[in-house]
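Just below is one structure, and these are the notes that go with it.
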Amino acid sequence: MKTTTASLFLLFIFSITQSSFLFGVANATNDAVLDVNGDEVLVGVRYYVVSAIWGAGGGGLAIGRESDRKCPEIVVQRRRDVDYGHPVVFSNANSNDGVVRVSSDVRVKFEGPRDRLCLTSTVWKVQDKAESSGTRWVELGGSEGEPGCDTVNSWFKIEASFGSGMYKFKYCPSVCSSYATSCNVIEKDQDTDGQIRLALSDDGTGYPWIFIKADEANARIRQVVAA
């Protein structure tokens, strides 16, 4: 009986280890997401998410707020292409991989200064319910917990777009096997306040973005100011 119990225990441990290993291998085979310099995008490093279309395409993504709702805050795009917005940091569902990869579950969190009118997290999440207009926005207040069914609204995927180094966001989480969801690309849309925001789309192609390492961008700005 003891031998049987020990064998079952070892089989259980092996199955978990094997699953974790295979998940890591599968994730590692996905191409790395690259920043504007062609370097791999890394977890825990700050990046600006900026429109890949210069000029009329607008600037970077930032923390915003609806006029009639203090919390949670929302994801908006700055109007001017020279305004990079607020930096974000990425976290992988697979915590063993320090590289952000295409088609893998990632969590996105704004960093940087903010007012204290709202004390919820700055993690991106998808609205629990669509508005009366049918639009389902990306907002803040997402979970920083472990990947799973309880945090499913806070996981996104980054997919290659139509140009080299350009990427689009997608809401198609795979962190919860029992959660049935249609995969939605994320487009830009204008809300009733006139703000440009991120919204789920059933039939769009996904708006293209580039990633700029925040420390390098800030260093360039300081050089310009000092010149």
Side-chain angles (χ1 to χ4, degrees), residues 16 19-20 23-24 26-27 30 33 41-49 60-66 69-77 85-131 135-159 167-189 191 195 197-201 206 209 211 214:
I16 292 178
S19 298
S20 300
F23 177 76
N27 189 66
N30 291 359
V33 175
V41 172
L42 305 176
V43 300
V45 176
R46 302 192 313 157
Y47 295 89
Y48 291 110
V49 183
L61 298 179
I63 300 172
R65 178 175 287 114
E66 294 178 341
R69 188 181 65 161
K70 181 175 65 175
C71 291
E73 293 155 309
I74 59 177
V75 181
V76 300
Q77 185 192 20
H86 292 113
V88 304
V89 292
F90 299 103
S91 303
N92 284 334
N94 175 17
S95 59
N96 295 320
D97 193 355
V99 176
V100 178
R101 299 187 183 277
V102 172
S103 303
S104 298
D105 289 290
V106 296
R107 180 165 49 212
V108 190
K109 179 181 180 180
F110 276 123
E111 288 207 339
R114 63 190 286 222
D115 61 45
R116 299 188 63 80
L117 294 175
C118 186
L119 299 180
T120 54
S121 80
T122 55
V123 173
W124 294 15
K125 69 181 287 285
V126 172
Q127 276 184 328
D128 296 327
K129 294 171 59 177
E131 294 189 344
T135 304
R136 198 174 177 196
W137 303 103
V138 177
E139 59 185 13
L140 303 187
S143 172
E144 298 193 63
E146 294 296 318
C149 299
D150 292 338
T151 63
V152 70
N153 281 7
S154 301
W155 297 96
F156 298 84
K157 286 186 169 70
I158 299 173
E159 305 285 356
Y167 298 92
K168 59 188 176 183
F169 289 101
K170 195 173 185 179
Y171 179 65
C172 186
S174 51
V175 296
C176 176
S177 59
S178 63
Y179 183 83
T181 180
S182 59
C183 291
N184 303 98
V185 293
I186 297 178
E187 297 279 8
K188 296 195 307 181
D189 202 354
D191 67 10
Q195 301 184 95
R197 299 173 57 178
L198 299 185
L200 271 60
S201 173
W209 305 93
F211 304 113

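Considering every non-hydrogen atom in both V102 and N30, the closest pair reads O-ND2, 3.0 Å. Here the closest non-hydrogen pair linking D105 and P173 is OD1-CA, 3.4 Å. Considering every non-hydrogen atom in both W155 and V175, the closest pair reads CD1-CG2, 3.7 Å. The minimum heavy-atom distance linking E73 with D115 is given by the pair OE2-OD1, 4.2 Å. The two residues V152 and C176 come nearest to each other via the heavy atoms CG2-CB, 4.4 Å. Considering every non-hydrogen atom in both C118 and P72, the closest pair reads SG-CA, 4.1 Å.
Note on ring orientation: taking the six-membered ring where Trp is involved, the planes of Y47 and F90 are tilted (angle from 30° to 60°). Note on ring orientation: taking the six-membered ring where Trp is involved, the planes of W124 and F110 are tilted (angle from 30° to 60°).
Side-chain atoms of E187 come within 3.5 Å of backbone N or O of G206 as a donor-acceptor pair. Distance alone, capped at 3.5 Å, is enough to place a donor-acceptor pair between the H86 side chain and the I63 backbone. The backbone N or O of K70 sits less than 3.5 Å from a side-chain atom of R65, completing a donor-acceptor pair. In this structure, the side chain of Q127 does not engage the main chain of R136 through any donor-acceptor pair within 3.5 Å. The backbone N or O of P147 lies less than 3.5 Å from no partner atom in the side chain of R107, so there is not a single donor-acceptor pair. Looking at N184, its side chain never comes within 3.5 Å of a backbone N or O of L200 through a donor-acceptor pair. The main-chain N or O of P87 is never found under 3.5 Å from a side-chain atom of R46 such that the two would form a donor-acceptor pair.
The CZ atom of R197 sits 5.0 Å away from the CG atom of D191 when rounded to the nearest 0.5 Å. In this structure, I158 CD1 and F169 CZ are separated by 5.0 Å, a value rounded to the nearest 0.5 Å. Taking OG from S154 and OH from Y171, the interatomic distance works out to 8.0 Å, rounded to the nearest 0.5 Å. Taken to the nearest 0.5 Å, the OG atom of S201 stands 10.0 Å off from the CD1 atom of I186. For the atom pair CH2 of W209 and NZ of K188, the computed distance is 5.5 Å after rounding to the nearest 0.5 Å. Atoms CG and OG, from N153 and S143 in turn, are 10.0 Å apart once rounded to the nearest 0.5 Å.
Between I74 and R69, the closest side-chain pair of non-hydrogen atoms falls below 4.5 Å. A heavy-atom distance below 4.5 Å is found between the side chains of F156 and V138. Looking at heavy atoms from C-beta onward, K109 lies out of side-chain contact with S121 at the 4.5 angstrom threshold.
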Derivation and outcome, side chain to side chain contact (heavy atoms under 4.5 Å, CB included), residues K157 and S174: CA-CA 9 Å; K157 286 186 169 70; S174 51; 3.2 Å; yes

V41 and V99: CA distance, side-chain angles, deciding distance, side chain to side chain contact (heavy atoms under 4.5 Å, CB included) verdict: CA-CA 6 Å; V41 172; V99 176; over 6 Å; no

Verdict with supporting geometry, V88 and L61, side chain to side chain contact (heavy atoms under 4.5 Å, CB included): CA-CA 9 Å; V88 304; L61 298 179; 6.0 Å; no

Verdict with reasoning, W137 to V75, per side chain to side chain contact (heavy atoms under 4.5 Å, CB included): CA-CA 9 Å; W137 303 103; V75 181; over 6 Å; no

